[in-house]
J.: 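Quick one: the structure is below, and I'll ask about it shortly.
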Number of protein chains: 2
Amino acid sequence: MDAIDLRLIDLLRDNARSSYAELARQVGLSAPAVHERVGKLEAAGTIRAYRAEVEHEAIGLGVTALIGIVEDSGADTDDVLSALRVMPEIESCYFMAGVESYQLTVRVGTIAELEQLIVRINRTRGVASTRTAIALSTKWENRPQPGLDPTAG
Amino acid sequence: MDAIDLRLIDLLRDNARSSYAELARQVGLSAPAVHERVGKLEAAGTIRAYRAEVEHEAIGLGVTALIGIVEDSGADTDDVLSALRVMPEIESCYFMAGVESYQLTVRVGTIAELEQLIVRINRTRGVASTRTAIALSTKWENRPQPGLDPTAG
DNA sequence: TGAAGCCATGGACGCCATCGACCTGCGCCT
DNA sequence: AGGCGCAGGTCGATGGCGTCCATGGCTTCA
């Protein structure tokens with residue numbers, strides 16, 4: 001993981017469909033060299049996936065909400081987690097410091113579906129309560145921030 | 001936007017680096033046809049970008065936090081927003097229903113940097129208060145959910 | 001100082017992106 | 001009802017790209 005690797009990561013976070021030839025031009029290496037570096041970054045898990053970012057309204061998932069979950073005292077966190085994991089509406093799931101153990105980002109088509117999802121989560125064993133906030137609009141999302149060299153500074 | 005477009009979007013959300021030939025095989029069309037469909041989805045803004053998903057720890061951004069912002073009564077929301085927009089640490093920004101007008105996902109390298117960011121946000125004109133919760137671990141993030149045909153059902 | 005391993009280079013080859021030409025099915029207008 | 005026009009598809013060709021391989025230089029360690 002050197003400066004060139006970081007540069008490659010930044011380029012791929014900006015446009016994951018760049019060709020290796022294009023990446024090579026940008027970092028001043030040959031295409032095979034870039035190919036090998038990117039392959040190693042993937043193998044090491046540094047690059048996890050390449051994803052298209054989508055206008056959610058267009059695919060029928062126009063309602064975004066954030067849900068905080070308070071666990072029962074003595075609840076089995078792994079049980080709660082595995083129950084959450086099978087709900088496809090949950091786009092992101094963070095385990096948090098604070099009263100609310102989990103913070104979710106969820107994506108559904110309608111408010112009615114959101115209501116059903118909340119009910120389902122509240123019924124889950126180990127969940128004491130939830131707190132839901134609806135996003136009225138998304139100003140921006142997943143804006144990539146240039147990486148910093150962890151070995152520098 | 002038909003079933004094939006939705007399928008293409010799902011495939012690209014799963015692997016944004018799929019070749020057009022591969023996509024064509026999966027949806028049963030020719031490569032040029034797929035190329036044209038994807039181009040139109042991009043032009044229409046349905047596909048916004050292609051991004052590599054990264055292990056944030058590896059690029060020196062291992063601290064994730066969620067910040068809620070309460071605005072001053074009478075604050076100019078556009079001013080607050082443009083102040084937030086220039087802070088690169090803010091990965092996502094939602095305008096919310098509820099007491100907290102904005103909900104942010106932020107990414108920094110250290111707790112010290114998080115502290116500085118919080119101070120900076122609190123000093124911003126129009127911001128009354130903030131509430132920060134730190135993510136201890138990320139269970140999953142940006143998990144793509146298959147799109148639904150908005151014209152169906 | 002010598003050896004070994006890692007990595008970039010450059011060439012070769014097969015696949016892919018992409019363009020143009022043609023075809024087909026559908027809607028509309030006369 | 002028939003013909004025109006368009007949207008969107010396949011097919012074929014070509015140039016560029018991905019990917020593998022052998023070679024050579026640099027660094028590092030004994």
Side-chain angles (χ1 to χ4, degrees), chain A residues 1-61 144 146-153, chain B residues 1-60 142 144 146-153:
Chain A
M1 168 68 62
D2 60 3
I4 292 183
D5 282 343
L6 273 175
R7 185 95 182 284
L8 288 173
I9 289 173
D10 285 347
L11 290 169
L12 285 170
R13 290 221 290 165
D14 213 54
N15 179 12
R17 282 183 77 79
S18 297
S19 69
Y20 290 115
E22 178 61 28
L23 295 173
R25 274 189 289 272
Q26 305 251 2
V27 301
L29 291 181
S30 67
V34 168
H35 185 254
E36 189 174 347
R37 277 175 177 264
V38 171
K40 284 182 182 173
L41 288 170
E42 293 170 358
T46 304
I47 296 178
R48 255 194 241 129
Y50 303 97
R51 300 201 184 286
E53 203 179 288
V54 157
E55 184 85 32
H56 288 92
E57 289 81 0
I59 60 169
L61 296 172
L148 311 167
D149 193 340
T151 66
Chain B
M1 167 67 63
D2 60 4
I4 291 182
D5 282 344
L6 273 175
R7 185 94 182 284
L8 288 172
I9 288 173
D10 285 347
L11 290 169
L12 285 169
R13 290 220 290 166
D14 213 55
N15 179 13
R17 283 183 78 78
S18 297
S19 68
Y20 290 116
E22 178 61 26
L23 296 173
R25 275 189 289 272
Q26 305 251 1
V27 301
L29 290 181
S30 67
V34 168
H35 187 255
E36 188 174 347
R37 277 174 177 266
V38 172
K40 285 180 182 174
L41 288 170
E42 292 170 359
T46 304
I47 296 178
R48 256 196 240 127
Y50 302 97
R51 302 204 181 287
E53 205 180 287
V54 157
E55 184 84 34
H56 288 93
E57 289 80 1
I59 59 168
N142 297 120
L148 311 168
D149 193 340
T151 67

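So you know, we letter chains A, B, ... as the sequences are listed, proteins then strands, and number each from 1. Just so it is clear, the structure is predicted and the values come from calculations on it, not from any experiment.
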J.: Do any of residues 35-42 of chain B sit with a heavy atom less than 4.0 Å from DNA chain D, and if so which?
T.: B/R37, B/K40
J.: Would you find a donor on one side and an acceptor on the other, under 3.5 Å apart, between the side chain of A/R13 and the backbone of B/R51?
T.: no
J.: How many whole angstroms separate atom CG of B/L29 from atom P of C/dC23?
T.: 20 Å
J.: Salt bridge (charged side-chain N to carboxylate O under 4.0 Å, His left out) with B/D5: which residues, sequence neighbours excluded?
T.: B/R37
J.: Verify, without hydrogens or angle tests, whether B/R17 (side chain) and A/S18 (backbone) share a donor-acceptor contact under 3.5 angstrom.
T.: yes
J.: Can you name the closest pair of heavy atoms from B/I47 and A/A52 and give their distance?
T.: CG2-CB, 4.4 Å
J.: For B/A31 and for A/A33, locate the closest nucleotide of DNA chain C by heavy-atom distance; then report the residue assigned to the nucleotide nearer the 5' terminus.
T.: A/A33
J.: Under the side chain to side chain contact (heavy atoms under 4.5 Å, CB included) rule, what do A/Q26 and A/L8 come out as? Steps first, then yes or no, please.
T.: CA-CA 9 Å; A/Q26 305 251 2; A/L8 288 173; over 6 Å; no
J.: Do B/L23 and B/V27 come within less than 4.5 Å of each other through their side chains, counting heavy atoms only?
T.: no
J.: Please name the pair of heavy atoms, one in A/T46 and one in B/A58, separated by the smallest distance, quoted to 0.1 Å.
T.: CG2-CB, 3.6 Å
J.: Would you confirm whether A/R25, through its side chain, and A/A31, through its main-chain N or O, come within 3.5 Å as a donor-acceptor pair?
T.: no
J.: Strictly below 4.0 Å, heavy-atom distances to any atom of DNA chain C: list the hits from residues 13-26 of chain B, or just say none.
T.: B/S19, B/Y20, B/A21, B/R25
